[in-house]
Number of protein chains: 2
Amino acid sequence: MSIRELARHLNISIGTVSRALNGRADVNAETRERVLKAAAELGYAPNQSGRSLRQGTTNAVGFMIETNRETSLHGDTFFMSVYDGVQSVFAQHHLDLIILPCPFDDDPCDYVRRVVSRRFVDGLFISATQRHDERIDYLIEREIPFVALGRSLSGGPHSWIDLDFEGVAAESVRRLVARGHRRIGLINTGNDINLGYVFADGYRRAMAEAGIPYRPEFVIRADQTSEEGGYGATDRLLALAERPTAMLLVNEIMAIGAYRRLHDAGLMPGRDMAVIGFRRSPQARFLSPTLTCFEVSLFDMGRRLAEAMLGLMPAYRDLYPGPVVQEIWPMHLVGGESDPPPLSLVMGKAG
Amino acid sequence: MSIRELARHLNISIGTVSRALNGRADVNAETRERVLKAAAELGYAPNQSGRSLRQGTTNAVGFMIETNRETSLHGDTFFMSVYDGVQSVFAQHHLDLIILPCPFDDDPCDYVRRVVSRRFVDGLFISATQRHDERIDYLIEREIPFVALGRSLSGGPHSWIDLDFEGVAAESVRRLVARGHRRIGLINTGNDINLGYVFADGYRRAMAEAGIPYRPEFVIRADQTSEEGGYGATDRLLALAERPTAMLLVNEIMAIGAYRRLHDAGLMPGRDMAVIGFRRSPQARFLSPTLTCFEVSLFDMGRRLAEAMLGLMPAYRDLYPGPVVQEIWPMHLVGGESDPPPLSLVMGKAG
DNA sequence: TGTGTGATCGTAAACGTTTACGGCTCTCTT
DNA sequence: AAGAGAGCCGTAAACGTTTACGATCACACA
């Protein structure tokens with residue numbers, strides 16, 4: 001069912017049919033009606049390759065994910081919420097979002113190159129940005145509209161949106177210090193993903209501001225950002241001669257493992273050890289004692305990602321004007337039962 | 001950078017360039033060399049829209065997911081493993097897998113219609129199949145190559161692959177019965193997703209075979225397939241006048257909630273209540289006491305999904321011959337600490 | 001020398017759209 | 001009544017490929 005057949009069936013030229021379907025002004029209302037009706041009846045829908053070829057645009061934007069790295073980091077309701085947000089904006093413009101999973105044994109940059117050079121999508125979201133990320137350099141050079149979910153040192157000025165990892169770490173430390181903690185552990189990711197550096201920066205800065213000397217043995221780089229990773233990292237923290245009284249984690253999935261390790265050591269999170277996780281995800285919400293963590297609307301962040309993308313695309317630039325988007329999304333602390341003052345202090349008071 | 005420019009740069013016709021790049025036989029070895037070298041240097045890659053238009057094929061296969069339903073059901077490392085498996089096969093044929101997330105407020109069937117009629121992909125995987133699934137009827141009618149991840153009553157003979165929900169339920173019941181349980185609860189999904197029916201069938205069949213009368217109050221349809229859903233469903237089970245001594249769950253994420261509910265009631269899973277979960281996922285592996293559940297290689301299942309798809313695609317049918325694939329993937333029990341005999345029996349023995 | 005054959009390449013059509021351009025018919029204005 | 005303008009529509013080119021077909025050339029063979 002091509003536009004030609006549809007036109008023949010209606011005894012109209014294909015030009016008029018195309019104009020009618022695309023909502024152009026110079027076509028009779030009655031004619032348009034007939035065309036739309038016939039298209040619906042015959043189940044006609046324009047061939048995407050044809051229109052892409054003609055207008056040099058695919059009406060699709062890709063979202064690259066890595067099957068190995070991120071899910072283990074974020075769990076995944078994370079991305080689903082982001083997708084929903086992006087699509088809620090795209091839907092208004094008949095733009096489609098497609099997810100591009102980079103195979104686990106592929107180089108991410110090669111994958112981007114392949115996708116981009118074949119002109120499969122009009123724009124690309126990338127996530128899990130590395131501290132130095134080749135993908136960004138490449139996309140800038142090729143002048144492809146792209147928005148990064150996560151900061152990076154690479155490239156010149158480009159659009160990105162990131163969670164406030166530094167702010168979360170700093171605020172966590174300040175809160176713990178205010179409650180009397182001095183020995184604060186940090187469980188970070190072991191990847192060279194950029195957010196790990198940012199998170200550590202926030203920790204260091206806040207510790208320095210509190211006048212607490214930096215103790216490298218308190219900073220653990222976990223093997224994996226998963227329950228097991230959190231378990232193992234907590235294990236290393238507990239093995240220290242002088243243990244921390246509090247710990248903060250770059251990821252709430254790891255907090256699940258941390259809780260378990262504490263239990264297995266006969267310690268109770270939120271009494272024998274203060275714990276502050278990261279995001280208030282469904283998994284985190286389910287911990288007991290309730291986890292002190294930070295809230296953010298991923299749906300809204302997805303919407304903002306979409307707007308940032310549209311601002312870079314020639315066809316929509318006028319609708320979404322403004323400079324390159326570089327935003328750090330604040331996260332709001334949700335207090336839980338997991339981060340009381342240190343036990344020594346409580347005992348001291350009590351005694 | 002089009003093929004025309006590349007050809008001009010080489011002083012060759014575009015036909016020859018195309019043949020050289022596509023590995024056709026009737027082109028001089030030396031010429032091919034020159035073409036490939038120039039293409040690499042100038043960074044030429046064929047425009048996907050152009051080739052799709054010409055040969056009526058996009059070299060991309062879609063995998064439809066629903067952002068609301070499935071992740072809450074499966075957690076997500078589930079799909080990532082499947083993607084990896086699919087891609088490991090597709091990579092050999094220069095086929096791309098793209099994930100198509102159906103927006104949460106869209107009708108899944110409308111979404112399929114849109115994707116298919118625009119000829120965005122050559123084939124489609126669908127998942128989370130409903131008991132009666134319009135998508136299947138539509139795809140059959142349009143003669144689109146598709147493979148369903150999950151059975152359904154809809155449509156005629158079509159390709160599908162499914163986990164052995166019935167077998168898992170039946171084997172769980174048999175194991176519990178063999179250990180002396182008679183009052184066995186079932187926590188099922190509340191969606192009309194097909195696997196819920198299949199799981200319940202296995203439960204009913206095995207109970208009947210054991211000669212245990214069916215008690216509808218022991219079968220709970222959870223509000224959501226999540227930690228919280230499992231918590232709430234367990235709550236309803238515990239509220240019964242005569243409680244079950246064992247329970248099985250259609251989903252291991254719900255087992256996390258079940259454990260918590262039991263704890264909160266002062267009961268210990270694996271002592272006061274036998275629990276059998278579903279899949280041995282990373283989350284399940286992390287429970288304590290260790291959960292009795294079932295193992296399956298999602299990567300291998302993904303590979304099989306890919307093979308089933310290739311068998312339906314005209315360009316690959318000869319490489320992957322055979323009839324329509326309809327496979328139930330067996331799952332292998334991994335015993336844990338969570339399903340001992342009922343306490344009464346143990347006490348009885350002890351006493 | 002003519003002829004058949006295989007290797008290599010160029011030509012041009014075709015895929016399904018969109019859109020610039022021009023033409024036709026009416027109506028309105030001067 | 002002539003011209004201008006608006007409304008509507010048809011024509012055809014163009015997007016970047018692939019591929020059927022035919023042309024050219026060299027070479028071997030009768």
Side-chain angles (χ1 to χ4, degrees), chain A residues 1-36 38-39 42-60 94 96 114-122 314-315, chain B residues 1-36 38-39 42-60 94 96 114-122 314-315:
Chain A
M1 172 88 295
S2 76
I3 199 175
R4 209 175 308 271
E5 300 176 58
L6 182 57
R8 189 149 358 135
H9 176 262
L10 285 165
N11 267 349
I12 314 188
S13 78
I14 63 171
T16 304
V17 173
S18 175
R19 277 188 298 262
L21 292 172
N22 289 7
R24 294 232 119 69
D26 56 346
V27 45
N28 190 317
E30 184 199 1
T31 310
R32 176 185 321 250
E33 204 67 30
R34 279 178 58 215
V35 171
L36 291 177
L42 301 181
Y44 168 79
N47 179 304
Q48 187 57 42
S49 302
R51 34 173 31 202
S52 296
L53 183 57
R54 165 64 214 225
Q55 46 192 25
T57 220
T58 64
N59 291 325
H94 299 284
D96 280 319
R114 255 177 45 215
V115 166
V116 163
S117 62
R118 286 175 43 182
R119 302 228 174 289
F120 207 76
V121 290
D122 295 338
Chain B
M1 173 90 291
S2 75
I3 199 175
R4 210 175 308 271
E5 300 176 59
L6 182 59
R8 189 148 359 131
H9 177 263
L10 285 165
N11 265 349
I12 314 186
S13 79
I14 63 171
T16 304
V17 173
S18 174
R19 279 189 296 262
L21 292 172
N22 289 7
R24 293 231 119 70
D26 57 345
V27 46
N28 192 318
E30 184 198 1
T31 310
R32 180 190 315 269
E33 204 67 32
R34 279 178 58 215
V35 171
L36 292 177
L42 301 182
Y44 167 79
N47 179 304
Q48 187 57 43
S49 301
R51 39 173 24 201
S52 295
L53 182 57
R54 166 63 214 227
Q55 47 191 24
T57 221
T58 65
N59 290 324
H94 300 284
D96 280 319
R114 255 178 45 216
V115 166
V116 163
S117 61
R118 286 175 45 184
R119 301 229 175 290
F120 206 78
V121 291
D122 294 339

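For the numbers below, each heavy atom of this structure counts, side chains included, while hydrogens, waters and symmetry mates do not. To find a chain, count down the sequence lines: A is the first, B the second, and so on, and within it residues start at 1. Keep in mind that this is a model prediction, so the values were computed, not measured.
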| message | Please classify the nucleic acid contact of A/D26 as base, sugar-phosphate, or nothing, using heavy-atom distances under 4.0 Å. | response | base
| request: Could you check whether B/S2 gets within reach of a base, just the sugar-phosphate, or nothing at all, counting any heavy atom under 4.0 Å? | output: sugar-phosphate
| request: From the options D/dA20, D/dT11, D/dT17, select the nucleotide whose nearest atom is closest to the side chain of B/R4. | output: D/dT17
| query | Counting side-chain heavy atoms from C-beta on, which of C/dT18, C/dT17, C/dT8 comes nearest to A/Y44? | reply | C/dT17
| query | Looking at A/S49, does any N or O in its side chain come under 4.0 Å of the phosphate oxygens OP1/OP2 on C/dG16? | reply | no
| request: Tell me what B/R19 touches on the nucleic acid: a base, only sugar-phosphate, or nothing, going by heavy atoms under 4.0 Å. | output: base
| query | To the nearest angstrom, how far is B/Q48 atom CD from D/dC15 atom C1'? | reply | 15 Å
| Sugar-phosphate, base or nothing in reach of A/G15, heavy atoms under 4.0 Å | base
| OP1 or OP2 of C/dT18 less than 4.0 angstrom from a side-chain nitrogen or oxygen of A/S18, does that happen here? | yes
| Atom-to-atom span, CD1 of B/I14 to C1' of C/dT11 - whole angstrom | 9 Å
| query | To the nearest angstrom, how far is B/R32 atom CZ from C/dA7 atom C1'? | reply | 13 Å
| task | Decide yes or no on side-chain contact (heavy atoms from CB on, under 4.5 Å) for A/N59 and A/H94, but give the supporting numbers first. | result | CA-CA 7 Å; A/N59 291 325; A/H94 299 284; over 6 Å; no
| said: Once you apply a heavy-atom cut-off of 4.0 Å, does A/T31 come out as touching a base, just sugar-phosphate, or nothing? | reply: sugar-phosphate
